[in-house]
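What follows is a single structure, written as structure tokens, with notes after it.
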Amino acid sequence: MITILGLSTCDTTKLALKTLTQKGIEARLRDIRAEPLSDQEIDRIVMEFGDRAVNKQSTTYRSFSAFLRESEPEAQIKAQAAVMKRPVITDGTTWTLGWTPETEARWS
């Protein structure tokens, strides 16, 4: 089973879930606000994607203090999970970030 880490209100996350489900792929959305990421999960996401794991264009990121904007990606995601670029999709072994044609092809 594929797990989609994101927000239930995020259009890109919803599109990824809808597309994968329509293709008959078993996927579940894990809303990271309702079911927060563990420190180990955050560490793994940052290990996989580095600072690309943080959406620096987001309103959430722009609202951070200067100190937090200069902090490590792990600290930023721990402080406010909504700053994570979405969706993060994983089967436990493979990890992808965002929803692009390449990502869709990877999971299809």
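Atoms considered below: every heavy atom in the structure, side chains included; atoms not considered: hydrogens, waters and symmetry mates.
Taken together through direct or relayed side-chain contacts under 4.5 Å among Ile, Leu, Val, Met, Phe, Trp and Tyr, V83 and I32 form part of one hydrophobic cluster. I45 and M47 sit in two unconnected hydrophobic clusters of ILVMFWY residues. Membership requires side-chain heavy atoms under 4.5 Å apart, directly or through other members. Transitive grouping of hydrophobic side chains (ILVMFWY, heavy atoms separated by less than 4.5 Å) keeps F49 and I89 in distinct clusters.
A donor-acceptor pair under 3.5 Å is formed between the side chain of T90 and the backbone N or O of T94. Side-chain atoms of R69 come within 3.5 Å of backbone atoms of F64 as a donor-acceptor pair (strictly under, hydrogens ignored). The main-chain N or O of A82 is found under 3.5 Å from a side-chain atom of R86 such that the two form a donor-acceptor pair.
Among all heavy-atom pairs drawn from Q76 and E70, the shortest one is NE2-N, 4.5 Å. For the pair A16 and P87, the tightest heavy-atom approach, listed with the atom from each and the gap, is CB-CG, 4.0 Å. Closest approach of W95 to L5, counting heavy atoms only: CZ3-CD1, 4.3 Å. Across every non-hydrogen atom of L97 and T103, the tightest pair is O-OG1, 4.1 Å. Nearest approach of A27 to I4, heavy atoms of both residues: CB-CD1, 4.1 Å. Taking all atoms of both residues into account, the shortest heavy-atom contact from S8 to K14 is O-CD, 3.4 Å.
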Exercise. Please step through salt bridge (Lys or Arg N to Asp or Glu O under 4.0 Å) for the pair E35 and R28, ending with a clear verdict.
Key: CA-CA 13 Å; E35 196 178 332; R28 106 175 165 92; 3.7 Å; yes
* Asked: Are R44 and E74 close enough, and set up right, to give a salt bridge (Lys or Arg N to Asp or Glu O under 4.0 Å), and what steps lead you there?
  -> CA-CA 10 Å; R44 178 65 190 264; E74 294 91 343; over 6 Å; no
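For the pair E41 and R30, the salt-bridge criterion is met [side-chain N within less than 4.0 Å of a carboxylate O].
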